[in-house]
Amino acid sequence: MDAREMKIKAAAAALEHVENGMRLGIGTGSTAEEFVRLLAERVADGLSVVGVPTSERTARLCLELGVPLKSLDELPELDLTIDGADEVDGRLRLIKGGGGALLREKIVAAASSRMIVIADETKVVETLGAFKLPIEVNPFGMVATRIAIERVAARLGLSGAIEVRRSGDGNYMTDGGHYILDASFGRIPDADALAITLNAIPGVVEHGLFINMASIAIIAGPAGARTLTADT
Ligand SMILES: O=C(CO)[C@H](O)[C@H](O)COP(=O)(O)O
């Protein structure tokens, strides 16, 4: 089974949690896009759902495939969000934001009664941090914000390059008009402490640590899909 087939398997298993009439948060990334494709087929067959997309990219795909959408302001309370992740640990803590949509993803997940993460086996880790942690920052004072992040990270025993994400000739810009700093910490032994600390830095708009947000994770591997629940 190749990587795409695993993503489709996880997406198909998540689709089984979708019921008629649901208000759905719809994630961003290649795995979430497989979910959108399968969801669109069910919508074409008569399933009635309304989606709130977590990015302009997801919104475009949904519109193209005929998945009905509303904004989060029109539908501020959602039944279920289905989204991918860059890393998942045994407590269902996540790193997200590899696709640059972490802020909207977190707002949408927080507005949902449940969040289901869909991923392939390569995303499951003992300790978060091998994937560079995306930190969305306001462009104003970005260098000062980066220095502040380095200082608080050092207090938690974390070091490593913190680089501005680039796109073409310039800095990558999120749908919200912010930049992303990617932090190569390698290992984040205390993700809960880092999450709280980052939130306290002026200039940090949001970070890619999703703590206590996922209800379950559906993880696809060569043998099929399994469901992870938090082990603590
Ligand atoms: O957080 C995300 C986007 O901001 C994605 O969910 C994450 O990057 C996983 O993407 P993919 O399914 O393509 O591996």
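Values below: every heavy atom of this structure, side chains too, minus hydrogens, waters and symmetry copies. Counting starts at 1 for both ligands and their atoms, in listed order.
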Between E121 and R226, does any NZ, NE, NH1 or NH2 come within less than 4.0 Å of an OD or OE carboxylate oxygen? yes

Under 3.5 Å donor-acceptor, D89 side chain and L128 backbone: no

Pick out the protein N or O atoms lying less than 3.5 Å from any N or O of ligand 1, and list each pair with its distance.
unit_1: ligand 1; atom_1: 1 (O); unit_2: K96; atom_2: NZ; d: 2.9
unit_1: ligand 1; atom_1: 1 (O); unit_2: G97; atom_2: N; d: 2.8
unit_1: ligand 1; atom_1: 1 (O); unit_2: E105; atom_2: OE1; d: 3.1
unit_1: ligand 1; atom_1: 4 (O); unit_2: G99; atom_2: N; d: 3.3
unit_1: ligand 1; atom_1: 4 (O); unit_2: G100; atom_2: N; d: 3.4
unit_1: ligand 1; atom_1: 4 (O); unit_2: A101; atom_2: N; d: 3.0
unit_1: ligand 1; atom_1: 4 (O); unit_2: E105; atom_2: OE1; d: 3.1
unit_1: ligand 1; atom_1: 4 (O); unit_2: E105; atom_2: OE2; d: 3.2
unit_1: ligand 1; atom_1: 6 (O); unit_2: T28; atom_2: O; d: 2.9
unit_1: ligand 1; atom_1: 6 (O); unit_2: G84; atom_2: O; d: 3.3
unit_1: ligand 1; atom_1: 6 (O); unit_2: K96; atom_2: NZ; d: 2.9
unit_1: ligand 1; atom_1: 8 (O); unit_2: D86; atom_2: OD1; d: 2.6
unit_1: ligand 1; atom_1: 8 (O); unit_2: D86; atom_2: OD2; d: 3.2
unit_1: ligand 1; atom_1: 8 (O); unit_2: G99; atom_2: N; d: 3.3
unit_1: ligand 1; atom_1: 12 (O); unit_2: S30; atom_2: OG; d: 3.4
unit_1: ligand 1; atom_1: 12 (O); unit_2: T31; atom_2: N; d: 3.0
unit_1: ligand 1; atom_1: 12 (O); unit_2: T31; atom_2: OG1; d: 2.5
unit_1: ligand 1; atom_1: 13 (O); unit_2: S30; atom_2: N; d: 2.8
unit_1: ligand 1; atom_1: 13 (O); unit_2: S30; atom_2: OG; d: 2.5
unit_1: ligand 1; atom_1: 14 (O); unit_2: K123; atom_2: NZ; d: 2.7

Quick one: list whatever passes side-chain hydrogen bond (donor to acceptor under 3.5 Å, both in side chains) with R60, sequence neighbours left out. none

If we only count heavy atoms from C-beta on, is the T28 to K96 side-chain gap below 4.5 Å? no

Electrostatic pair E34-K7, nearest N-O below 4.0 angstrom: no

Any donor-acceptor pair under 3.5 Å linking the side chain of N20 with the backbone of S48? yes

